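Worth saying up front: this structure is predicted, and the values here are computed from it rather than measured.
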Amino acid sequence: MTVSARPRRSALALYCFVFSSYPVFADGMLEQVTVTAQKTSEDLQRVPISMSALTAEAIAKKNITDMIGVAQNSPSISFAPNPGSSNTLILYMRGQGAAVPNAPSSEGGLGLYQDGFYIGRPSGITFDLADLDRVEVLRGPQGTLYGRNTTGGAVNLISRRPSGEFGLRQTLDFGTRDKFRSLTTVDLPRWSSLAAKFTVLRSSIDGYVKNSGSGHDFGEQEQQAGRLQLRWDPTQALGVDYFLDVGDIDDTPAYYQNASLDGLTLQGYPYSHADHPLDRSYRPVDLNVSHTHNEAHGLTVTWDASDDVTLKSLTGYRQMRSMGYSDFVEAITVAPGMPLHGDGSARTKSHQFSEELQLLGTVGDSLRYVGGLYYFDEHVTYDTLNNLPDYFLVTQQISGTDSRSEAAFGQLTWTPPILDDRLEFTVGGRYTRDKRDSDRFIATNGFVLEDGNSTGSTAHLSFSKFNPMATVNYHWTDSISSYAKVATGYRAGGTYEGAPTGQFDLGTFGPEEVTTYELGLKSDWLDQSLRFNAAVFDSRYRDLQIYVPIDPSDATRALFYNIGKATVRGLELDVAWAPVDDVELSLSYAYLDSNFTQVDVVPGSIYDQAANPLSPYHVGDNLKRLFTLPYAPKNSASAGIDYTFLRFSSADLALHLDYRWEDETYSSAVAGPDVPGRDFDIRPSYGLFNGSLTLTTELPRGDRAKISLWGKNIFDHHYRQQVISNGSAGVAVQSPTTGVVTPAGYHDQAAAWAEPAAYGIQLQYEY
């Protein structure tokens, strides 16, 4: 969007930071960023939603190439790699996410979308983000407009459209650990009313923990992908967009270490020095390579029926096949000094279909509306195989789920003819109906314990919910507005694949609900050189889906129950300032105060003294001090600076630096203040510096070349990217058969350390 020039306001201090999602023009003005968070194109500053938008320019400057990069530059998102599957991320926003992201019959609290199409399975979401126009991060419940009903927020990855003119962009990266990345994007000239673009990606990087044997190393990754986009405009009123994505990821898991095992001899090898990141496994490991294949199709038809009415249809299909292998290399322990030796695999297959119809329009100058219907259908199978040779156990489990979601939604914004049309009232609602059919098969050492046709191994569930929303937005001036909002969201119920044998149908749980109260401010100051956006919120969760052990003789046997209430209060700041020409400084900050307010004792569980005499609790007691919300850091922030410090007649040299900080977080819900050894569940706080130095040259024919030197985790900060607390839940249990007492709490920790510093060079040519 072109912005007319205005006199800039200079400043002497460079100690304030700006949100670098907002590109800055050379005259010190911030760009107006257009987003589609409410299904129509709007200026980000006029949308009464707590959100941020990473533009294509910001993505390039920060060298963001995957979802990890998006999360690191969005402080409201906390993330970790899923244990045993490095191409799957655990994503949380405002304290909401999915602790078991691969579970086929449960939902996550954070929705991920590609060009408006929901991505149902998180496997493979570490894919390379190629040729994006922007990334929109919406915080809080998205129950009114977005495809799936989510309680924590939504992330929408929006691709560049075909331009209709010939264009070529070739990017090459070379870096440490033999990193190689090639990204080719070609825009083809428009033929009649058809425009096309295709993108080809190939990348690879070596592992960062060497295998002491001859097998694959830990942390390897190789990707190859292709994308085709078509834009057809048969008439001025009709537009058709289609994309095809195909991608493959091969990778190996992270290396987990357990410092409590130092000094022991395991599997014939000494285990030592595991209290800091190692660059080599303590013994040879026969490590398998995991593989994920994704294929996605999206067809969007837009018809401008009149100047005031638009109809849209979004038809999507996605399939995913994943074969993941895990090996914790004895870092998981069943008791102090007793490591568990074994490995496992998980095969996931899914295919999903969605259809969304939208009606968008205006009535005069005072009414804007969005309405629609949504349909989603998915089938998932999840096949796990756990091999524990020390216990002579090989267990196979296959879970299958058919999920269907149907919804009707609408939103109306009214600008009454008062106060110079500065006041807006918005109301919205969504009715959702979910249906889920699941079954399970279990066999141990070849002996079938449960199959899909036996009693207790199938579950048939259905849920429905209406979620309203209301917002009052007032534009104090053309560049300052504030809003008050009440929004609701819901997460469908499901089944838990880890329920005890014969109790799969009892392992069902109902929906989880949230109501969020939010106040927000959006403002531009100093002739659009300073931007300050803020939001405070209070989210109240009911019927939280909580994992509860139910067998006093085996703490690994559990079910999910709707027995919790919690509050999450917070503050989010996005500030942007262009103090002088060619300088951008950045800060984005999120504060969370999360607390369980109620957790009920489930009759017959290990917390019920009638079933477990070692428990101090009774039915009717409140267990809130045994629980905490995982991945909800109290403070997190990202800051940066972009400084173009040399300009020539046809070239410039620019420096980019950014910093990410996140407070300590807990990795599981059963880590409240009354749980012994809860510190073993903590992922400590960490801070990372990244940066790049880029020379951009305009070439004689109108083409352009870039050379960038980049670094990630520049100061080689050592931090744990994922931890697993070993032990039992918050109360002691005694086996009725052996009499052995398992003490309450955690006794040690398995930790996967993050990748070391990485450096490289990027070459780019664009025509």
Smallest separation among heavy atoms of [X] and [Y], with atom names:
{"X": "Ser481", "Y": "Asn473", "answer": "CB-OD1, 3.9 Å"}
{"X": "Arg139", "Y": "Met51", "answer": "NH1-N, 3.8 Å"}
{"X": "Gly109", "Y": "Thr150", "answer": "O-CB, 3.6 Å"}
{"X": "Leu573", "Y": "Ala534", "answer": "CD2-CB, 3.4 Å"}
{"X": "Pro75", "Y": "Arg660", "answer": "CA-NH1, 3.3 Å"}
{"X": "Pro633", "Y": "Leu592", "answer": "O-CB, 3.5 Å"}

Checklist entry - For the residue pair Tyr92 and Tyr631, does the interplanar ring angle fall in the parallel (under 30°), tilted (30 to 60°) or perpendicular (over 60°) class? => result tilted
Checklist entry - Parallel, tilted or perpendicular: which describes the rings of Phe117 and Phe243, with under 30° parallel and over 60° perpendicular? => result perpendicular
Counting C-beta onward and ignoring hydrogens, is there a side-chain heavy-atom pair between [X] and [Y] closer than 4.5 Å?
{"X": "Gln762", "Y": "Leu709", "result": "no"}
{"X": "Arg169", "Y": "Asp187", "result": "no"}
{"X": "Asp206", "Y": "Asp217", "result": "no"}
{"X": "Asn294", "Y": "Arg318", "result": "yes"}
{"X": "Arg720", "Y": "Pro684", "result": "yes"}
{"X": "Ile761", "Y": "Ile707", "result": "yes"}
{"X": "Thr65", "Y": "Asn63", "result": "yes"}

Item to check | Candidate pair Leu172 and Leu183, rule side-chain contact (heavy atoms from CB on, under 4.5 Å), full reasoning | outcome: CA-CA 7 Å; Leu172 294 172; Leu183 177 64; over 6 Å; no
Enter the distance from [X]:[atom1] to [Y]:[atom2] here, rounded to the nearest 0.5 Å.
{"X": "Ser78", "Y": "Gln72", "atom1": "OG", "atom2": "CD", "result": "11.0 Å"}
{"X": "Asp251", "Y": "Ser204", "atom1": "CG", "atom2": "OG", "result": "13.0 Å"}
{"X": "Tyr643", "Y": "Leu655", "atom1": "OH", "atom2": "CG", "result": "9.5 Å"}

Does a donor on one side chain sit under 3.5 Å from an acceptor on the other, for [X] and [Y]?
{"X": "Ser685", "Y": "Glu664", "result": "no"}
{"X": "Ser159", "Y": "Asp115", "result": "yes"}
{"X": "Lys522", "Y": "Gln45", "result": "no"}
{"X": "Gln170", "Y": "Thr184", "result": "yes"}
{"X": "Trp661", "Y": "Asp663", "result": "yes"}

For [X], which residues count as a salt bridge (Lys or Arg N to Asp or Glu O under 4.0 Å) partner, sequence neighbours excluded?
{"X": "Asp716", "value": "none"}
{"X": "Asp478", "value": "Arg422"}
{"X": "Asp241", "value": "Arg161, Arg231"}
{"X": "Glu222", "value": "Arg202"}

Next on the checklist: Please check if the number of heavy atoms outside Tyr659 that lie under 6.0 Å from its OH is greater than 12.
Outcome noted: yes
Checklist entry - Taking atom CZ of Arg46 as the centre, does the number of heavy atoms from other residues, nucleotides or ligands within less than 6.0 Å exceed 12? => result no
Checklist entry - Going through the distances and angles, do Gln721 and Trp753 end up as a side-chain contact (heavy atoms from CB on, under 4.5 Å)? => result CA-CA 6 Å; Gln721 65 176 351; Trp753 294 81; over 6 Å; no
Checklist entry - Do the charged groups of Arg181 and Asp173 touch, with an N to O distance under 4.0 Å? => result yes
Item to check | Arg160/Asp133 salt bridge by N-O under 4.0 Å criterion | outcome: no
Checklist entry - What residues form a side chain to side chain contact (heavy atoms under 4.5 Å, CB included) with Ala535, not counting sequence neighbours? => result Ser50, Tyr483, Glu518, Glu572
Item to check | side chain to side chain contact (heavy atoms under 4.5 Å, CB included) partners for Thr477, two or more places apart | outcome: Ser479, Ile480
Checklist entry - Which is it for Asp574 and Ser588 under the side-chain hydrogen bond (donor to acceptor under 3.5 Å, both in side chains) test, yes or no, and what are the steps along the way? => result CA-CA 5 Å; Asp574 294 327; Ser588 187; 2.7 Å; yes
Item to check | Criterion side-chain hydrogen bond (donor to acceptor under 3.5 Å, both in side chains) against Arg227, the qualifying member of Asp131, Thr185, Asp245 | outcome: Asp245
Checklist entry - Which is it for Ser482 and Trp476 under the side-chain hydrogen bond (donor to acceptor under 3.5 Å, both in side chains) test, yes or no, and what are the steps along the way? => result CA-CA 8 Å; Ser482 59; Trp476 302 92; 2.8 Å; yes
Checklist entry - If you look only at pairs with a residue in residues 703-714, which of them pass as a salt bridge (charged side-chain N to carboxylate O under 4.0 Å, His left out), with sequence neighbours excluded? => result Arg701-Asp703, Arg704-Glu766
Item to check | side-chain contact (heavy atoms from CB on, under 4.5 Å) between Asp43 and Val33, worked out | outcome: CA-CA 6 Å; Asp43 180 2; Val33 179; 5.5 Å; no
For [X], what residues pass the side chain to side chain donor-acceptor pair (under 3.5 Å) criterion, not counting sequence neighbours?
{"X": "Tyr589", "result": "Asn635"}
{"X": "Asp250", "result": "His291"}
{"X": "Tyr686", "result": "none"}
{"X": "Tyr719", "result": "none"}

Item to check | Test log, rule side-chain contact (heavy atoms from CB on, under 4.5 Å), inputs Tyr113 and Leu157 | outcome: CA-CA 6 Å; Tyr113 298 82; Leu157 313 171; over 6 Å; no
Just list the side-chain donor-acceptor pairs under 3.5 Å for residues 688-699, sequence neighbours left out, or say none.
residue: Asn690; atom: OD1; partner: Asn713; partner atom: N; Å: 2.8
residue: Asn690; atom: ND2; partner: Asp658; partner atom: OD1; Å: 3.1
residue: Thr694; atom: OG1; partner: Ser708; partner atom: OG; Å: 2.8

Checklist entry - When the aromatic ring centroids of Tyr255 and Tyr208 are compared, is their separation below 6.0 Å? => result no
